[in-house]
Structure formats: C-alpha cells, structure tokens
Protein chains: 2
Amino acid sequence: MAYTLSSGSARRPRLNRDAVLAAAVGIADRTGIDGLTMRTLADELGVVPMAIYKHVSGKDELIDGMVDIVWAEVELPDATAGWRSAMRARAVSMRGALSRHRWAVGLMESRMQPGPANLRQHNAMMGCLRESGFSFRNTVHVTSVLDAYVYGFALQEKTLPFDTAEESGQVAEQKRSTQPETAAQDYPYLMEVVVELMRSGYDYTVEFELGLDLILDGIERLRPEWADEAGR
Amino acid sequence: MAYTLSSGSARRPRLNRDAVLAAAVGIADRTGIDGLTMRTLADELGVVPMAIYKHVSGKDELIDGMVDIVWAEVELPDATAGWRSAMRARAVSMRGALSRHRWAVGLMESRMQPGPANLRQHNAMMGCLRESGFSFRNTVHVTSVLDAYVYGFALQEKTLPFDTAEESGQVAEQKRSTQPETAAQDYPYLMEVVVELMRSGYDYTVEFELGLDLILDGIERLRPEWADEAGR
DNA sequence: ACCTGAACACCGTTCAAGT
DNA sequence: ACCTGAACACCGTTCAAGT
C-alpha cells in the first residue's frame, strides 16, 4: 500500500516544521535577517512560498521558532557548580550562541510567545540563584545586570565593523586615513585610542570575559549586603 | 522681486534636510522603525515620496542622520566632575535618550558613517578617561563594559512587554493566567519570581542605576591594579 | 493532506518630466 | 532648483484551485 501512494515527487523529503525552521536559521546566519524572506526560504526548500504556510502561520511564528532554536543552544546553568561559575558559564555560552546567530540579538526577549527552551533557560537561571540563597529581588537584580551585559556586548559585537583583532587594526587604519585631516584635531582623544587599538588589536572573547568577571565580582561583593534582606 | 517669485504653494515652508530628519524621528518615536517608510514620511511632510530624495540620498542616509540626532541628545561627560560621576551621568543620559527613541537601540554603533555628534561623544568619553589616568587599554575596557551595559539594558527595556511598574504586574498576572496549568509545574522557579515581581513591581530607573553603580564599583576597585600597567 | 498560481496591497528606488 | 508621476523589482499574505 505504501508504494502505491508514493508519487514521482519522492525526490525531496516531505516538508516539516523542523526542516523549515532549520533552513530559516541557516539563511539568516549566512545572509542576515533581511536576506531571509518567505521567498528565499521557499527557494532554499525547493518549494513555492505558500507551501511554508502549512507549517508555520506566518513570518512572526517562523521567527519565534528560530529564536527558540537559539535559546536551546544556550547551556543551562548547573547549580551544583556554585552560582558564580554557573552564571559565568551560562553568560559565555549565551554570548557564543549570539555571535553564531547575530540576527537573533535583539529578538531573544522580544517574542510575545516565549518558546519552551526560553522558559526552561529562565527557570534554570532563577532556580540556580534562589537555591544559592539570593532573595527574589536580588535574583531579579542579578539576572538584569548579567543579561543586559551579555545582550549589550553581543549587540556591539554584531554592530562593530570588524570581526577579529587583525581586522580591527585594518578598520582603524582605514578609518584614520579616510577621515578628513581635521579629524585628528577635532577628535584627538578618539584618534589616539583608535591608533592604539590598531597597534594592539582587539579580542572579543578576552574583552567579554574581563567585563563579565568585573560584574561577577561586583555581585559577589554586594552579596552579604543583599543577603540581609534575604527574607524578602 | 521676492513676491513675484513666490507661488501659490507658499503654504508649506520649503523642505530642508533638518525638517526631513526631525519628521522622521517623530514618526519613528510614535510608530516604531517599521512605521517609518519613505511614503509615510512624505505624507507627514505633505509631499510626494520622491521629494525626500533631494535632501537625503536614500533611506540609509536618512537613518544615519536620525541616529546622530539621538547622539546629540546624550550629555557629554564633564571631566572636571571626576571620571566616576562623569561616566555615571553619561550612562544615565544615554539610557534616557535610548528610552525616548527606542527604535535607535541597535543602530547607535552600526552606521558606517558615524555622524559628528557620535564622534564628539566618543572623543569626550576617551578624553575624560585618559585625563583621569586610565591607560589606553583600560580606557577601552571601561568603555566596553559600560556601553555594553547601557545598550543591553536599553534593549531589554525596549523589548520587555511592559513600561511601568504597574504594567509589569498586569503583564505578569496575565501571563500567569494564560499559561497552561502545567507551567507552574514545569517552571516553578520562574513562576515564583514572576509572581513576586507582580507583587512588588519593577522600576526601570532603579534597576538601571543599581546595576550601573555595581559596575562603577567594579571599575573603581580594579583601578589601582589596572593603573600598574598605566604606561601601556 | 499538502502544495500551487495568481493576485493584492505594500516596500525602496529609477527615470523621465514638469515648473 | 526643486518637485512630480509612472513604473520596476521586490515584500508578506489571501484566496481559490489543483492533486
């Protein structure tokens, strides 16, 4: 019976939701979120645009699904390791996911229907902090400052016009030589720092972890104080 | 001679670049960046879409100009006040500008042609830190961590589905009652924190300044250490 | 049950014309 | 010098049809 029903179009495996989402993530990774249209996605899948609407209600739901794929790539905090190293590992993992999927920066928290991986992640984060003795209020504070830093760093990383330390030098040099000669007079401090950056390079990972440790130190140092109000 | 040249259309003042940019910022503030199209902008100005292209080369240059208007609203750091209060005031001012112009979050650093207000701002920031004795390298570190925090906080503020402490409660309540009953079992820690947030409210300004002071403390405490390498 | 084709109401931008 | 109108190559999405 099975073979009597299979038609000549058995070439391409039947479309399903996961295949649609995976293809969409691939396109967005390669060409940016603007390069992802229902039409380019359909082309990639070897299908007509309207075929996608059988698996996803529209572009919004498509993006909801893509964002939850990124959330699923973020390591869950392991509370048994202690809150500090759990929070550190989670932040590092999240920055990694966001630099692999730059289109996702700015979308991670903005979806009205948070997906299961998103909920699981936040639940684990709250759980780790609460079990480590943070009050409700301080759990919110810690989440807020760490997430802001991770999102903001990822945003800068997405947004700055170089990817590697070597490229940072090239871009700085190019900018220096492109600017009108007046720039060095009008913005002397800026030029000085740009020239120095060019000389010594810029490593995103080193920079990220330096700031992260500074913030974790701040949380740790303030903790006894915050613990005073632990009942609340 | 002047009046012989003035035609019947003297009703609307002649279009110019500043008027175009100001109108565009207004539309983006009210309706979001998606609500700003060359066509809605033309309507607002009482003009046909193509008229705009005489004052701006296209949508990219339009947005470049809009972003620099936001930069111009950010208070320049006042080095005479000491680096810490200068950095604090600048960060608070920048968050203010970004919450008045939420469409600008994510665009502040992404323009290939930084405008004059942007360059002035960064020059003043570098100047304040360098004059306060920070090494080149540490000037970069401080800028990186502070900007990441401000951008990331603004991103969360733009992105979270409530604006005020009261609304945060309403949203939390609605989310709680909308979720399938299993949510409380699947995500107990998350639900607990959400319920607590609902009870006590959430104030963006308080939250922002708490994290900001934590980071400034971290910078201050690490400073002597960093100063050791001040020559470099 | 799943896919298709044509159409609609939008975009940003070009080009040739108007005054 | 500045503005206009029509057109082009794109969007996301609806609807009626095909198999």
Side-chain angles (χ1 to χ4, degrees), chain A residues 1-25 27-28 31-67 103 107 110-113, chain B residues 1-21 23-25 27-28 30-67 103 107 110-113:
Chain A
M1 178 179 183
Y3 59 86
T4 65
L5 286 178
S6 65
S7 75
S9 72
R11 209 67 282 263
R12 170 175 44 73
R14 180 81 118 277
L15 221 53
N16 62 48
R17 191 166 199 274
D18 285 347
V20 169
L21 294 180
V25 168
I27 294 174
T31 66
I33 197 73
D34 287 341
L36 174 70
T37 72
M38 296 309 260
R39 284 157 156 102
T40 57
L41 178 55
D43 276 356
E44 173 110 344
L45 293 165
V47 112
V48 94
M50 282 313 299
I52 296 165
Y53 287 76
K54 272 280 114 95
H55 303 95
V56 123
S57 74
K59 199 168 190 184
D60 266 9
E61 194 186 300
L62 178 72
I63 291 178
D64 282 345
M66 293 167 66
V67 165
W103 53 269
L107 299 177
S110 70
R111 315 311 296 176
M112 291 290 110
Q113 284 296 112
Chain B
M1 179 178 182
Y3 58 86
T4 65
L5 286 176
S6 65
S7 74
S9 72
R11 208 66 283 265
R12 171 174 45 73
R14 179 80 119 277
L15 222 52
N16 61 48
R17 192 166 198 275
D18 286 347
V20 169
L21 293 180
V25 168
I27 294 174
R30 292 194 309 275
T31 66
I33 197 74
D34 287 340
L36 173 70
T37 72
M38 297 309 261
R39 283 156 156 101
T40 58
L41 178 55
D43 276 357
E44 173 108 344
L45 294 165
V47 111
V48 94
M50 282 313 300
I52 297 166
Y53 286 75
K54 271 281 115 98
H55 302 96
V56 123
S57 73
K59 200 170 189 183
D60 267 9
E61 194 185 300
L62 177 72
I63 291 179
D64 282 345
M66 293 167 66
V67 165
W103 52 269
L107 299 178
S110 71
R111 314 314 293 176
M112 291 289 109
Q113 285 296 111

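Lettering follows sequence order; numbering is per chain, from 1. Given the structure is predicted, the values throughout are model-derived calculations rather than measurements. Atoms considered below: every heavy atom in the structure, side chains included; atoms not considered: hydrogens, waters and symmetry mates.
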Point to revise | Minimum-distance nucleotide (side-chain atoms of B:Met50 versus C:dC15, C:dC11, C:dC3) | key: C:dC15
Review point. With distance as the sole test, does B:His55 use its side chain to make a donor-acceptor pair with the main-chain N or O of B:Val20 at under 3.5 Å?
Key: no
Point to revise | Selection from C:dG5, D:dT13, D:dT4 that lies nearest to any side-chain heavy atom of B:Val48 | key: D:dT4
Review point. Roughly how many Å is it from CG in B:Leu15 to C1' in D:dC3, rounded to a whole number?
Key: 10 Å
Practice item. Counting heavy atoms from C-beta on, name the nucleotide in C:dC15, C:dT4, C:dC11 closest to the side chain of A:Ala51. Key: C:dT4
Exercise for review: Looking at every strand, decide which applies to B:Lys59 at a 4.0 Å heavy-atom threshold: base, sugar-phosphate, or nothing.
Suggested key: sugar-phosphate
Exercise for review: Could you state the atom-to-atom distance from CG of A:Leu41 to P of D:dC11 in whole Å?
Suggested key: 12 Å
Practice item. For A:Lys54 and D:dA16, give me the distance from atom NZ to atom P, rounded to whole Å. Key: 14 Å
Study note, to complete from the structure: Re C:dT13: Watson-Crick or G-U wobble partner, both distances kept under 3.5 Å, found to be D:dA7
Check your understanding: Can you tell me how far P of C:dG12 sits from CD of B:Glu61, to the nearest Å?
Key -> 16 Å
Practice item. Among C:dC2, D:dC11, D:dG5, find the nucleotide with the atom closest to the side chain of A:Arg39. Key: D:dC11
Review point. In whole angstrom, what separates B:Asp34's CG from D:dC11's P?
Key: 16 Å
Check your understanding: Between CD of A:Glu61 and CD1 of A:Ile52, what distance do you get to the nearest 0.5 Å?
Key -> 12.5 Å
Check your understanding: CG of B:Leu62 versus C1' of C:dC11: gap in Å, rounded?
Key -> 15 Å
Revision key, fill the gap. From CE of A:Met38 across to C1' of C:dT4 the rounded distance in Å is 15 Å
Point to revise | B:Thr40/B:Thr31 under side chain to side chain contact (heavy atoms under 4.5 Å, CB included): CA gap, chis, key distance, verdict | key: CA-CA 10 Å; B:Thr40 58; B:Thr31 66; over 6 Å; no
Revision key, fill the gap. Using Watson-Crick geometry (N1-N3 plus N6-O4 or O6-N4) or G-U wobble (N1-O2, O6-N3), each under 3.5 Å, D:dA1 is paired with C:dT19
**Study point:** Residues B:Lys54, B:Leu15; criterion side chain to side chain contact (heavy atoms under 4.5 Å, CB included); working and verdict
**Key:** CA-CA 9 Å; B:Lys54 271 281 115 98; B:Leu15 222 52; over 6 Å; no
Check your understanding: Would you say A:His55 reaches C:dC3's phosphate, i.e. side-chain N/O to OP1/OP2 under 4.0 Å?
Key -> yes
Practice item. Round to the nearest Å and state the distance from B:Arg17 atom CZ to D:dC2 atom C1'. Key: 17 Å
Check your understanding: What's the verdict on side chain to side chain contact (heavy atoms under 4.5 Å, CB included) for A:Met66 and A:Leu36, showing C-alpha distance, side-chain angles and the deciding distance?
Key -> CA-CA 12 Å; A:Met66 293 167 66; A:Leu36 174 70; 3.6 Å; yes
